[in-house]
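Computed over heavy atoms, backbone and side chain alike; hydrogens, waters and symmetry mates excluded. Since this is a predicted model, take the numbers as computed values, not measurements. The chain is numbered in sequence order, starting from 1.
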Amino acid sequence: QVQLVESGGGLVQAGGSLKLSCAASGRTFTANAMGWFRQTPGKERDFVAAINWNGRSTYYADSVKGRFTISRDNAKNTVYLQMNSLKPEDTAIYYCAARRGSGLGSQPGQHEYWGQGTQVTVSS
């Protein structure tokens, strides 16, 4: 059974940092691009960041550029999202996803596997 399991979410004050992890099991995703998305109640799932199969290419939403960093460790089958200078508007459930294919993608429909999500809450 293929699973993506996010961890590292929590409550943090504005200006603080969190590091999310996404561990894959059931198969390896070393040939797949990976992405992070986020969603708030009543809204669509928004793109946050993406990383290609070997980690050498990344892409960010404008709203997080310069504050968030996506990385991956293929030996551990794990993807990370380092979030710095957090703002209250970053509050959401964060999901990791595995893309169909190795190239970067920013659309939810381009991703085949999803984690269950981890809550990030930033207080003002």
For the side chain of [X] and the backbone of [Y], is there at least one donor-acceptor N/O pair under 3.5 Å apart?
X    : Y    : result
R72  : N52  : yes
R27  : V2   : no
R100 : G109 : yes
T30  : T28  : no
Y80  : T69  : no

Check whether any side-chain heavy atom of [X] lies under 4.5 Å from a side-chain heavy atom of [Y], and answer yes or no.
X   : Y    : value
V79 : F29  : no
R45 : W114 : yes
M83 : L20  : yes
T40 : T91  : no

Joint cluster assignment, W36 & Y95, ILVMFWY side-chain distance < 4.5 Å
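W36 and Y95: separate clusters.
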
Checking side chain to side chain donor-acceptor pair (under 3.5 Å) between Y94 and each of R38, E6, Q39, which is the one that passes?
R38

Out of curiosity, [X] [atom1] to [Y] [atom2], how far, rounded to the nearest 0.5 Å?
X    : Y   : atom1 : atom2 : value
Q116 : L4  : CD    : CG    : 9.0 Å
I70  : C96 : CD1   : SG    : 9.0 Å
N32  : I51 : CG    : CD1   : 12.5 Å

Minimum heavy-atom distance between [X] and [Y], given as atom pair plus value:
X    : Y    : result
T78  : S21  : CG2-CB, 4.4 Å
L104 : S57  : CD1-OG, 3.4 Å
S17  : N84  : OG-OD1, 2.9 Å
S106 : F47  : O-CB, 3.3 Å
A14  : S124 : CB-CA, 4.4 Å
L11  : S123 : CD1-CB, 4.3 Å

Starting from the C-alpha separation in whole Å, work towards a yes-or-no answer on side-chain contact (heavy atoms from CB on, under 4.5 Å) for D46 and V48.
CA-CA 6 Å; D46 290 332; V48 175; 5.7 Å; no

Using the side-chain contact (heavy atoms from CB on, under 4.5 Å) definition, which of the options L81, L86, T118 pairs with L18?
L86

Would you check, one step at a time, whether the test side-chain contact (heavy atoms from CB on, under 4.5 Å) holds for D90 with F68?
CA-CA 11 Å; D90 294 319; F68 291 11; 3.9 Å; yes

Pair D62 + K65: basic N to acidic O under 4.0 Å:
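Looking at K65 together with D62, the answer is yes, because their closest N to O distance falls below 4.0 Å.
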
